[in-house]
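First the proteins, then the strands, lettered A, B, ... as listed; each starts at 1.
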Amino acid sequence: MLDARQIRANPDHIKAQLAKRNISGVLDGFLLLDENRRDILGRVEELKSFRNSASQEVGRMKKEGQEPIELMEKVRQMGQEIKVLDEQLKQVEMQIEKILLNIPNLPHESVPVGEDEASNVEIRRWGNPRQFAYEPLPHWDLGVNLDIFDFERAAKLSGARFTVYKSAGALLERALINFYLDIHTREHGYREILPPFMVSADCMQGTGQLPKFAEDMFKIDGLEMYLVPTAEVPLTNLYREEILEAGQLPIYLTAYTPCFRAEAGSHGRDTRGVIRQHQFNKVELVKLVEPQNSYPELEKLTNDAEKVLQLLGLPYRVMLLSTGDMGFSAAKTYDLEVWMPSYNQYKEISSCSNCEDFQARRANIRYRPAPKAKLQFAHTLNGSGVAVGRTVAALLENYQQEDGSVIIPEVLRPYMGGMDAIKR
RNA sequence: GGAGAGAUGGCCGAGUCGGCUGAAGGCGCUCGCCUGCUAAGCGAGUAAGCGGCUAAUACCUGCUUCGAGGGUUCGAAUCCCUCUCUCUCCGCCA
């Protein structure tokens, strides 16, 4: 959520920033309502002020044995007036909040302006895509041939966009989860959390999924609860409505959760394989930091995510997303894209964002910069560290052998009972 | 699912028959004194949100907030209703 006072103070600047994200027209309604709000507020506060002093006066007079009937009647009528104005105020404030909750974050100045992903900027590459002496198979063929993916039975259980992992496939998935958590907790200083996989609508609003993207998520029937679309939601909301001391920051959190996504708008994309699923596993990284540190922290967080790809020996590149491709809550985002031989291109496997105070304002996560100092919103960051299902796909494709087997990277072997390859 | 208890400031915790309680007391924190250093001790200060006034996130000032929402009243942390959550006991259960 943007700061209403900043919008009021500098509407043209905010409009220009929003225009970079192809958003226009939303501020005029806000400004009108905001003025309306302050007008009503001024009037109702004046009435309340009078009521307060009059009520005290009544109390004083009654103590002296008097019965100020006229004054009491006057205040009673004023109470009706106040009630009407309070109701009006409430309506206006609800409209204002609705507008603010639907406005995305402002892009950082370093973010390239563009319509869509075509304007993303490649920052760096790591590793060299392997040259194949034969036509590399896509991961879904490899997985089915090795009998570690079962799409048909998954469809029988749950429909399209689900996968059943079997034997070494299930083990690989589990190995990666443990490997990622170990690296991030032991090497990068994150605290491991195992959160609930269902969260309240309040949490979803706190991180920005609600109210705008309700159709992307799975809601629990009959409850104001949702299956988590990413661990970012429970991790960031851990400190919702809290006041932190400066000494507590930065907070680094990591968690494994399954992620559930309805992905309403993406029908027809990546229909084969495990790339786009209604349920997938992910290890997430979240940071709560002081504002002045958030950009260096974004670089570090991105490096932390990159590290696991390096350890796995998977070639990737880092993309700086343009204004047209960024998520709702982000001010700046780096995507990590892993090399996928069968696609002959890089595919997103991680997304690392600095949300600045956008989520903190929604979730009311504040901290005291120094003793006695005024409270400020913390900055929140999040990044995949990294998506597990897509890692399995990348490993299968990049480490496939001509005989159909797949080599297991050295670092994962301890997590797989010493297994060095998946064979039929 | 059944029965009971509770929800107050950064934390703990008082609030009597509704008014002078934004809220005693304590802890923590800040500043000052004291002090070889530390601890202890002494004194003062210390909620947030939204408005007005401002260059100001500095003063000053108004309103709101004692789990949430509604009601009674001239006036509610205090009375009434609804809801949410927490705790204890019972039942069920991995």
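In summary, the side chains of A:Glu242 and A:Tyr367 do not present any donor paired with an acceptor at a separation below 3.5 Å, with no hydrogens or angles considered. Side-chain atoms of A:Tyr295 and A:Glu356 form a donor-acceptor pair, as typed in the model, at a separation below 3.5 Å. With hydrogens and angles left out, the side-chain atoms of A:Tyr180 and A:Glu284 include no donor and acceptor closer than 3.5 Å.
Rounded to whole Å, the separation between the P atoms of B:G45 and B:A23 comes to 13 Å. B:C50 and B:U57 have their C1' atoms separated by 14 Å, given to the nearest Å. Separation of the P atoms belonging to B:C11 and B:U72 is 33 Å when rounded to the nearest angstrom. Look at the P atom in both B:C89 and B:C83: the space between them is 25 Å, to the nearest Å. With both ends at atom C1', the span from B:A5 to B:C93 equals 25 Å, rounded to whole Å. Spacing between B:G6 and B:C63 at atom P, rounded to whole Å, works out to 33 Å. Taking atom C1' in both B:U8 and B:A77, the straight-line distance is 7 Å, to the nearest Å. To the nearest whole angstrom, the two C1' atoms, one in B:U21 and one in B:U82, are 28 Å apart.
Residues satisfying the side chain to side chain donor-acceptor pair (under 3.5 Å) criterion with A:Asn364, sequence neighbours excluded, are A:Glu241, A:Arg366. A:Arg191 is linked by a salt bridge (charged side-chain N to carboxylate O under 4.0 Å, His left out) to nothing, counting only residues two or more places apart in sequence or in another chain. By the salt bridge (charged side-chain N to carboxylate O under 4.0 Å, His left out) test, A:Arg186 is found to be paired with A:Asp182, residues two or more places apart in sequence or in another chain being considered. Applying the salt bridge (charged side-chain N to carboxylate O under 4.0 Å, His left out) rule to A:Lys219 yields the partners A:Glu224; only residues at least two apart in sequence or on another chain are considered. Partners of A:Lys347 by salt bridge (charged side-chain N to carboxylate O under 4.0 Å, His left out), not counting sequence neighbours, listed by chain and number: A:Asp270.
Among the atoms of the strands shown, none is found under 4.0 Å from any heavy atom of A:Arg60. When heavy atoms are screened at a 4.0 angstrom cut-off, A:Lys62 is found touching base atoms of the nucleic acid. Within 4.0 Å (heavy atoms only), A:Val75 reaches sugar-phosphate atoms of the nucleic acid but no base atom.
Residue pairs meeting the side-chain hydrogen bond (donor to acceptor under 3.5 Å, both in side chains) criterion with at least one partner in residues 101-112 of chain A, sequence neighbours excluded, are A:His108-A:Ser110, A:Ser110-A:Lys332. Pairs engaging residues 144-159 of chain A under the side-chain hydrogen bond (donor to acceptor under 3.5 Å, both in side chains) rule: A:Asp147-A:Lys166, A:Asp150-A:Arg153, A:Asp150-A:Lys166 [sequence neighbours left out]. Identified under the ring-ring contact (aromatic ring centres under 6.0 Å, His included) test for residues 195-230 of chain A, with sequence neighbours left out: A:Phe213-A:Phe328, A:Phe218-A:His278.
With the 3.5 Å cutoff on both pairing distances, Watson-Crick and G-U pairs in RNA chain B assemble into runs of at least 3 at B:1-7 with B:84-90, B:10-12 with B:25-27, B:28-33 with B:41-46, B:47-52 with B:60-65, B:67-71 with B:79-83.
Of all the residues in residues 100-108 of chain A, not one reaches under 4.0 Å from RNA chain B with any non-hydrogen atom. Near RNA chain B, defined here as any heavy-atom distance below 4.0 Å, the residues from residues 33-44 of chain A are A:Arg37, A:Arg38, A:Leu41, listed numerically.
Taking every nucleotide of RNA chain B with any atom under 4.0 Å from a non-hydrogen atom of chain A, the first and last of them, 5' to 3', are B:G10 to B:G75.
Atom CD1 of A:Ile14 and atom CD1 of A:Ile23 lie 13.5 Å apart (nearest 0.5 Å). Summarising the geometry, atom CG belonging to A:Asn354 is positioned 9.5 Å from atom CG belonging to A:Leu301; distances are rounded to the nearest 0.5 Å.
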